[in-house]
Amino acid sequence: MPDRAVSPGSSHSSSPAELVERNNAQRAGVPFLLFREGSGPQRIFQLQPPSSPLSIGRGPANDICIDWDENVSRVHAELGCVGGEWTLTDDGLSRNGSYVNGERVTSRRRLRDGDVIRVGSTALAYHNPMSPGDGSTARSASLPTVAQLSPAKRRVLIALARPFQDRGGFATPASNQQIADELYLSVEAVKTHLRGLFDLFGVENLPQNQKRAKLVERAFLAGVITERDLAEPQE
């Protein structure tokens with residue numbers, strides 16, 4: 001069995017502009033797939049209930065054409081909507097199989113918000129904004145506003161996201177020492193501000209190696225910082 005696929009919408013591979021685009025897709029209230037052509041920009045495909053299944057494959061006639069991935073079959077799998085629920089079907093269509101969260105699909109598989117589909121070497125994340133979810137995905141309406149951030153915490157947040165300036169999504173949030181050097185603070189003061197931000201944005205219970213990137217993602221999603229903030233020096 002292959003390793004669990006990494007979502008193409010993970011914080012480490014998303015630029016601020018892409019986070020805004022994803023937020024707009026969530027606001028539209030329509031299920032969608034998010035995927036990438038290799039390391040290129042994200043693509044969003046809205047899933048409107050059709051009269052027949054949607055095909056995924058390498059051939060140009062497919063509804064979702066993945067022509068850059070030689071490991072994808074000409075016709076690889078199908079997406080269908082049954083009673084308002086989207087499903088993935090691969091009953092022998094593909095040569096290399098289709099997977100959801102690392103498990104091979106042998107017939108029809110119901111999709112849930114946050115599932116990661118893998119066909120060939122390409123990952124597609126399924127999102128359903130109308131799903132009640134499990135609490136792990138923050139909705140923009142539940143995130144804090146600028147008014148809820150002290151000026152000091154917002155400066156720390158901007159410094160944390162600074163490495164994303166002009167580097168798309170392929171960056172790592174700033175370290176405590178980098179933030180301290182930029183803002184002329186002690187590392188302990190930075191840690192105190194970050195603990196408050198983790199709690200405010202609801203990421204305090206995430207694994208340590210995910211907290212900082214998820215905080216940056218939710219800050220852009222909430223609109224409390226923007227790409228313009230990263231380009232302007234802080235006073």
Side-chain angles (χ1 to χ4, degrees), residues 3-24 26-27 34 36 39 41-42 101 113-114 116 123 125 127 132-235:
D3 294 336
R4 182 185 177 96
V6 176
S7 172
S10 66
S11 304
H12 287 290
S13 59
S14 300
S15 69
E18 288 176 337
L19 293 173
V20 171
E21 182 185 25
R22 199 178 313 154
N23 184 36
N24 291 337
Q26 291 277 3
R27 289 177 182 273
L34 186 153
R36 297 177 185 275
S39 59
Q42 73 181 12
N101 301 332
D113 183 39
V116 179
H127 294 280
D134 59 4
S136 62
T137 302
R139 306 301 182 201
S140 58
S142 67
L143 293 172
T145 63
V146 173
Q148 292 174 268
L149 292 179
S150 68
K153 279 187 170 55
R154 188 167 183 273
R155 285 194 293 270
V156 168
L157 196 51
I158 292 171
L160 178 72
R162 185 78 66 192
F164 288 84
Q165 179 185 358
D166 299 327
R167 292 178 61 184
F170 304 97
T172 300
S175 67
N176 291 341
Q177 187 62 62
Q178 289 172 318
I179 297 171
D181 291 344
E182 177 178 332
L183 301 180
Y184 302 101
L185 296 173
S186 68
V187 170
E188 285 304 314
V190 170
K191 289 180 178 179
T192 298
H193 285 305
L194 284 174
R195 282 195 293 269
L197 288 166
F198 292 151
D199 181 66
L200 188 61
F201 282 83
V203 300
E204 70 279 6
N205 294 323
L206 291 179
Q208 195 63 37
N209 64 343
Q210 297 178 21
K211 283 183 179 181
R212 302 167 79 88
K214 184 59 69 173
L215 175 58
V216 171
E217 176 183 338
R218 292 190 175 181
F220 280 114
L221 182 63
V224 297
I225 60 173
T226 66
E227 288 184 271
R228 180 179 297 179
D229 293 321
L230 306 188
E232 296 175 349
Q234 300 197 62
E235 297 179 357

Donor-acceptor list for residues 187-194 side chains, cut-off 3.5 Å, not counting sequence neighbours:
| unit_1 | atom_1 | unit_2 | atom_2 | d |
| --- | --- | --- | --- | --- |
| Thr192 | OG1 | Glu188 | O | 3.0 |
| Thr192 | OG1 | Arg195 | NH2 | 3.4 |

Quick one: closest heavy-atom pair of [X] and [Y], and the distance?
{"X": "Phe220", "Y": "Ala161", "value": "CE1-CB, 4.1 Å"}
{"X": "Pro163", "Y": "Pro173", "value": "CG-C, 4.0 Å"}
{"X": "Glu204", "Y": "Phe198", "value": "OE1-O, 3.2 Å"}

Atom [atom1] of [X] and atom [atom2] of [Y]: how far apart are they, to the nearest 0.5 Å?
{"X": "Arg36", "Y": "Glu18", "atom1": "CZ", "atom2": "CD", "value": "4.0 Å"}
{"X": "Ile225", "Y": "Leu160", "atom1": "CD1", "atom2": "CG", "value": "7.5 Å"}
{"X": "Tyr184", "Y": "Ile179", "atom1": "OH", "atom2": "CD1", "value": "15.0 Å"}

* Return the set of residues passing side chain to side chain donor-acceptor pair (under 3.5 Å) with Ser186 (not counting sequence neighbours), or none when no residue passes. => none
* Would you sort out whether Leu197 and Arg218 count as a side-chain contact (heavy atoms from CB on, under 4.5 Å), showing the intermediate values? => CA-CA 11 Å; Leu197 288 166; Arg218 292 190 175 181; over 6 Å; no
* Quick one: does Val224's side chain get under 4.5 Å of Phe201's, heavy atoms only? -> yes
* **Arg154 side chain reached by Ile158 side chain, heavy atoms, under 4.5 Å** => yes
* Does the Gln178 side chain pair with the main chain of Ser175, one donor and one acceptor, at a distance under 3.5 Å? -> yes
